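One structure below.
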Number of protein chains: 6
Amino acid sequence: MPRFGGPATMMRLPGAGDGPVDVGFVGVPFDIGTSHRSAARFGPRAIRAESALLRPYNMATRAAPFDSLHVDDLGDVAINTFNLAASIDIITDHFRRVFEAGTRTISLGGDHTITYPILRAAAAAHGPLGIVHVDAHADVNDTMFGERVTHGSWLRRAIEDEIVDPVRTAQIGIRGTGYAADDFDWLRGLGAIVVTADECWHRSLAPLMAEVRERLGSGPAYVTFDVDGLDPSVAPGTGTPEIGGLTGAQGLEIIRGCRDLDLVGGDVVEVSPPYDPSGNTALLGANLAFELLCVMPGVEYRGV
Amino acid sequence: MPRFGGPATMMRLPGAGDGPVDVGFVGVPFDIGTSHRSAARFGPRAIRAESALLRPYNMATRAAPFDSLHVDDLGDVAINTFNLAASIDIITDHFRRVFEAGTRTISLGGDHTITYPILRAAAAAHGPLGIVHVDAHADVNDTMFGERVTHGSWLRRAIEDEIVDPVRTAQIGIRGTGYAADDFDWLRGLGAIVVTADECWHRSLAPLMAEVRERLGSGPAYVTFDVDGLDPSVAPGTGTPEIGGLTGAQGLEIIRGCRDLDLVGGDVVEVSPPYDPSGNTALLGANLAFELLCVMPGVEYRGV
Amino acid sequence: MPRFGGPATMMRLPGAGDGPVDVGFVGVPFDIGTSHRSAARFGPRAIRAESALLRPYNMATRAAPFDSLHVDDLGDVAINTFNLAASIDIITDHFRRVFEAGTRTISLGGDHTITYPILRAAAAAHGPLGIVHVDAHADVNDTMFGERVTHGSWLRRAIEDEIVDPVRTAQIGIRGTGYAADDFDWLRGLGAIVVTADECWHRSLAPLMAEVRERLGSGPAYVTFDVDGLDPSVAPGTGTPEIGGLTGAQGLEIIRGCRDLDLVGGDVVEVSPPYDPSGNTALLGANLAFELLCVMPGVEYRGV
Amino acid sequence: MPRFGGPATMMRLPGAGDGPVDVGFVGVPFDIGTSHRSAARFGPRAIRAESALLRPYNMATRAAPFDSLHVDDLGDVAINTFNLAASIDIITDHFRRVFEAGTRTISLGGDHTITYPILRAAAAAHGPLGIVHVDAHADVNDTMFGERVTHGSWLRRAIEDEIVDPVRTAQIGIRGTGYAADDFDWLRGLGAIVVTADECWHRSLAPLMAEVRERLGSGPAYVTFDVDGLDPSVAPGTGTPEIGGLTGAQGLEIIRGCRDLDLVGGDVVEVSPPYDPSGNTALLGANLAFELLCVMPGVEYRGV
Amino acid sequence: MPRFGGPATMMRLPGAGDGPVDVGFVGVPFDIGTSHRSAARFGPRAIRAESALLRPYNMATRAAPFDSLHVDDLGDVAINTFNLAASIDIITDHFRRVFEAGTRTISLGGDHTITYPILRAAAAAHGPLGIVHVDAHADVNDTMFGERVTHGSWLRRAIEDEIVDPVRTAQIGIRGTGYAADDFDWLRGLGAIVVTADECWHRSLAPLMAEVRERLGSGPAYVTFDVDGLDPSVAPGTGTPEIGGLTGAQGLEIIRGCRDLDLVGGDVVEVSPPYDPSGNTALLGANLAFELLCVMPGVEYRGV
Amino acid sequence: MPRFGGPATMMRLPGAGDGPVDVGFVGVPFDIGTSHRSAARFGPRAIRAESALLRPYNMATRAAPFDSLHVDDLGDVAINTFNLAASIDIITDHFRRVFEAGTRTISLGGDHTITYPILRAAAAAHGPLGIVHVDAHADVNDTMFGERVTHGSWLRRAIEDEIVDPVRTAQIGIRGTGYAADDFDWLRGLGAIVVTADECWHRSLAPLMAEVRERLGSGPAYVTFDVDGLDPSVAPGTGTPEIGGLTGAQGLEIIRGCRDLDLVGGDVVEVSPPYDPSGNTALLGANLAFELLCVMPGVEYRGV
């Protein structure tokens, strides 16, 4: 079957749901937690469509995820697109069942709001999580228009709810304009590693990731990758782009640097297809999701 | 000032808010009542931007709205983009104040949900309304995902709440696929004029509008124009396009045919800028809004 | 599940392949038979993605195809994108198996070349076919660059091979520029109904379709709908657009006018997604495929 | 050579400039006479690129222009893009030389300003001209920002300068909004045929063209076709689109209705490629230019 | 008010023009000084629209410009889009009045031609200026098509007119192809700092900016930022892109490196919206304009 | 003539074919060797159109190719778009004639398949070639769907056929996902320099190119530049983009690093215009082709 044919599942996986799945791709087509440009609801569909270009081996790391793990596309969460609060519960319940089945997840957003309910479910199964958080924004607003869980406040909520351990947290790529000059200090004050984008300019992030791995240690961990952490040149199709971001190479260094963490899951969020006329941001999202798969526990590496 | 310069208000009006306004343009940048493609939140901004091309006189009808009315751009309603129910109340309250001031409104959507709170406010000021409803969809679903007011159910709600008088209602352009084969019969059963798109093909709608005017009579009336009532060739930039729709000419015939109704307001909804790369759907929206202005009570016509 | 979630099959059908299927959607992601703009290979994927907007009932005709038929998405043909001749055999074999199973097909192209192998398989099962052929081009070139089966010569081949009965053929919408002034006369000379686009301007095609139905009679029939038969304003995303084409309404009249024919299959071809930034041509293709489904033998009509 | 290869001249003509040319295509990549969206400077290049799809025979009229005329692409006028007045003189001089050589011209704009210098040159060679003017705008402003020759005032200037005979003028398709309610009356007052777009809705323009041919008679004539005369659905890629315009079919009826006039030239203007993502407006322009070629004096018609 | 609502002024400032303004944003929707792709006339409108995403604090530098300065959007200059020379005088006069009122300006282009009249007005108020000039092009052509002030010659003119002091000039990012191999030497010969793009590759520009600050010293200075100085991957939506340009990070380093200069103004030019389908170049322009604001004299920095 | 006017040949060269040509640009509008996104057939036309922006001197290297060489645009190869094997022979024959005439070539693709027949012709004239191969993909598949020469297998074929000397081969930029973890080792095993993209991150490639020049030595050489070797941010408009690629600066370092090789030709392939809405990938292709010209033997450098 040519790449442009066949089922439009992630990496054209069967999606059959047969037997226990080690790692499952889950779409969360939800975007009403978005404060500016919307349409991340079409992110899962676009990421899957572009994932048709992916082949099974990671040429840089020689990861061979399909050789040792049962991986499948578990379909989408049936969110309620009219109701933010209801959807958060729906997503939580959905992921609870997946985590209870012993599956690790790689979620395809959707806006960044979805990370809160996923983490809630993950923490219920695994305990408080360390996270690697790639983003242009700190996402630690207290509320937005009175709402407590949105794409700009999910992390504050997760920390307050003790789902995420701030000391085992690394936030990378933040930048841009803010509501207060000290917006980035709150998380730092709780002991997290907080690395602004300008601290990353012109250098490899491999050394940073060594530090991150040490900090997160062997406890359960999660990687949440907002594509707006990367520069808009790399990820144009997103809702709240900020100039001066990370390069694609740095994005890959971050995920590849998560190898050996005890990842229970990860996500790629904020791909907004209407702002992505070439489809390349969705393709980026598909590749980032594949790279997440390649650092999941149990993945074999070939001949290195 | 060249057309592409100056304030990006509707028709580059001052937006100063000074003195009583006869007819006000109001933006309602709300889109979380949308069931499929979103982004109508950017509709008001895009319509205003493209409205810069509009000149003050209607060459077809010789309407000269600015010669006899005080018209201004009243800015946007400060909706809550995370909360559907809260926004409906915000919009209702906002329009209540505008109608109480004696202003007639032309609203720029936003998704079709907004028509419900606008009508609620209009009916509070003027009593139950007759409406001319241009749309591809009947918008009479009972609920959508349990929500009672959405872009697909606002009209059922308005009729149930006795805000809209179904006998003084004309629905034009409906078509496409539905959840049940008799979706279009409910409103017909209540006595409304319901005209499907295929009944409009290949003909002028001027005769239909004579019938509509007679039906609506002299009571308070409102025109709600969902751009997806027109064919997707004419209005590509919208959220739920349906093939086989009305032509642009028919759209103009409908609005121009509303002259002499006692219009208390009107709206143009469902312009979705990311699906409108040429900007022409927003330009269409701006023109339809101007045509609505031209049939507002009190508009002078020159030399006809 | 919201419309933008769930499997990206045609109309979000299960695609499970369980049990006998009365009517199956089949993708044929093939485009190297194209002479100008390519990329129809992405047509099936795009049509399926946009088909998410379709609901199960036809509001204009009250057709309820899912109430009486088992309909499913049968996936794609595994064509060889590097080899035109090999692919024609692959497609023929694929459809032979489908027709032998008693399934009627609605194919999603792909370029118009695919109609030849589909018809070859259909004729093997059902005998020579009458066809309704909507197109801007006559597709009766003898060869193109020496190739005998391409998107511009498939019909001549099908007639020469006695797969299609020219007397039971209706060609509608042809126009534009040609290699010889009498290009359109060959088929006419064989007794077909050949209706140029300018003969269709400004009128309903319902009377024409009565004539077509009479001509095709009760024998096996097939509808091949090249979206470039419609005007480029209606179907911008196609490979060889020609101005002055049919309206969307006329396209619907043609398909709806095929009701009561003994259709063994149909196709919608030449949707080229990269030339369709709004996605509306793919959406058109999805709707035309649904309309074809609605005129398949055995479809029930509700309450008319 | 496949259609997408070979020289990017109009219809892939040699452009060699050898020997006397009966009809020459001339590009005028000029757009600083534009009042709103610009970029018609890229019109000639885009029209030529899309013209690769054109074949030599007109299937509707059986015109065979290359069988009886020497037709070539004469390249572009070397305008000064920084200086409106200087460019008008450059264009005039350029066309004077072409007309003096006995060549009839089909010009590819560029904005509508270019018609003034072309007509000035044509009138110098042939005397005052009758014109068929397709447009959304009357183009009879006295001045624009003090400039006397712009895309909105060229026709007033041409009439004042007695280059164009208003009595032998037909203006078709005008509509939209204006600076005064009687903008369209000036030309009517001089005796021209002035047909607004709404007078054209829902009907064939063949009868109108009979009247136009009678009015223009046997004197020298010129057709100027602003693509914004057509509806924006048909010609989205233009600078000042106006809703409710002519259909593509009507556009063809107008040009085909000019057969038997003594056309000394014609033009297609206001194609603006950046607003034309599919390329279809440029393709429309190429087809209109070809249709103009088909009604040039001396064209043979095959087998009708 | 959500970010996508409210007035489409720069950063949604009131634009009220009340009281003395310390720093004013001024749009200059002028583009007929452009030699290739046009449409920068829509730059101010697009930059303002995208600026809605900006929040008031600079998270990287902790600049808090609104805490210590009165900043407003002063609207657009009413240029004459048909006449280059006339517009230069209009722009000069407009800025003279602004500078005389003691306001520093951040201008939103428009093509690079506009920098000449702005500098003329600034020099009249402040004396000859040192400039930081980010660009792909040296802009020191003597004339273009005989015109003396265009987007490719404004700097030569400003130096000849002794408005700009070449010794206090730094030109950064130039590259690409030229009319002569020594095009870049003229300014170097006058004593300016001239840094080609390839000298910037793979490194931080912070050290360069220390040198620049030293060179410009304490005299009046101006920053002119042509977005084509950045790589086309970062700023695709511009008129004359050149490959191999500066990164977004380097662009930010340059502006942030201007802190402590006595800036009397700055500009961001050559954003061309039709070539910017995602809107991200306009967003870049908005951010660069905000960064310019953050280095204006008198801006407070929080908690560093 | 303004840049946007004049012939749409490469760099607006005459294309006259008069006299012996030292270096000729040749378009190869072929794309049916493509496995995923197609449409590189329009690459030559788009590259030429955007090349209008190029001026004759290389400002970075001071190369003045037109001062010492006769350079022209030799037009396109008349490939057969329906037949891969036939086209390979057509291309081979075409280039044989060009190389026999003593012309060096810079080819504009088209997909990467074309490099095989060009190399075949070049090797016939010059003997086995050393190559510099920039790409995201190794292109050493044995077959694709049974085809032996495709855009993913051309290099294996060229090495097997002893057209390319693997020891004198440098492959730069490869990355992404593969069919086997050791896909990149085959060429390494034959002695080639194989540099993955991640080995290039964050550094200048000038040192690498010194090594490459030493390895290729003084024998005949060829540069094949697949634009997907660069990051998708730099070259979005291509068929099989892979994240984490080379920067534009690195691309220029590679080509400029080829100076002093005995280049008999080069190519720029895989520009796919429909995925390039801004035109900037085609512009990149035009610049890369110009840079190739600048390192052709015999090019003079000015004043360095």
Side-chain angles (χ1 to χ4, degrees), chain D residues 1-10 12-18 26-32 38-53 73-83 86-87 90-91 94 108-110 114 272-280 282, chain F residues 1-10 12-18 26-32 38-53 73-83 86-87 90-91 94 108-110 114 272-280 282:
Chain D
M1 179 70 68
R3 305 223 142 260
F4 40 80
T9 54
M10 185 67 188
R12 305 191 298 172
L13 289 161
D18 54 327
V26 183
V28 191
F30 176 83
D31 68 6
I32 67 164
S38 54
R41 60 181 63 183
F42 290 104
R45 181 159 292 165
I47 291 171
R48 284 184 178 110
E50 296 296 337
S51 78
L53 187 53
D73 184 335
L74 303 181
D76 287 337
V77 180
I79 61 91
N80 177 340
T81 194
F82 302 113
N83 194 311
S87 288
I90 291 169
I91 300 168
H94 187 103
L108 313 171
I114 69 167
S272 182
Y275 297 92
D276 184 33
S278 68
N280 289 350
Chain F
M1 179 69 68
R3 306 222 139 262
F4 41 81
T9 54
M10 184 68 188
R12 305 192 297 172
L13 288 162
D18 53 329
V26 182
V28 191
F30 177 83
D31 69 4
I32 68 163
S38 54
R41 61 181 63 183
F42 289 104
R45 181 159 292 165
I47 291 171
R48 285 185 178 108
E50 295 297 335
S51 78
L53 188 53
D73 184 335
L74 303 181
D76 286 337
V77 181
I79 59 92
N80 177 340
T81 195
F82 302 113
N83 194 311
S87 288
I90 292 169
I91 300 169
H94 187 104
L108 313 172
I114 69 167
S272 181
Y275 297 92
D276 184 35
S278 67
N280 289 349

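Everything numeric here is computed off the predicted structure, so don't read it as measured data.
Interface remark: R45(F) contributes side-chain atoms only to the contact with chain D (heavy atom separation under 4.5 Å). Of the two parts of V28(F), neither the backbone nor the side chain holds a non-hydrogen atom closer than 4.5 Å to a non-hydrogen atom of chain D. Of the atoms belonging to P44(F), not a single heavy atom falls under 4.5 Å from chain D.
Here the CE atom belonging to M1(D) is positioned 8.5 Å from the CD1 atom belonging to I79(F), to the nearest 0.5 angstrom. In this structure, the separation between CZ on F4(F) and CG on D31(D) is 6.5 Å, given to the nearest 0.5 Å.
Listed here is the closest heavy atom pair of G5(D) and P29(F): CA-CG, 4.1 Å.
Per-residue heavy-atom pair counts under 4.5 Å with chain D were compared for A8(F), G75(F), A49(F), G27(F), and the maximum is reached by A49(F). Across A78(D), P7(D), A52(D), the residue that shares the most heavy-atom pairs under 4.5 angstrom with chain F is A78(D).
With sequence neighbours excluded, the residues satisfying side chain to side chain donor-acceptor pair (under 3.5 Å) with D76(F) are R48(F). Listed by chain and residue number, E147(E) satisfy the side chain to side chain donor-acceptor pair (under 3.5 Å) test with N83(D) (two or more places apart in sequence, or in another chain).
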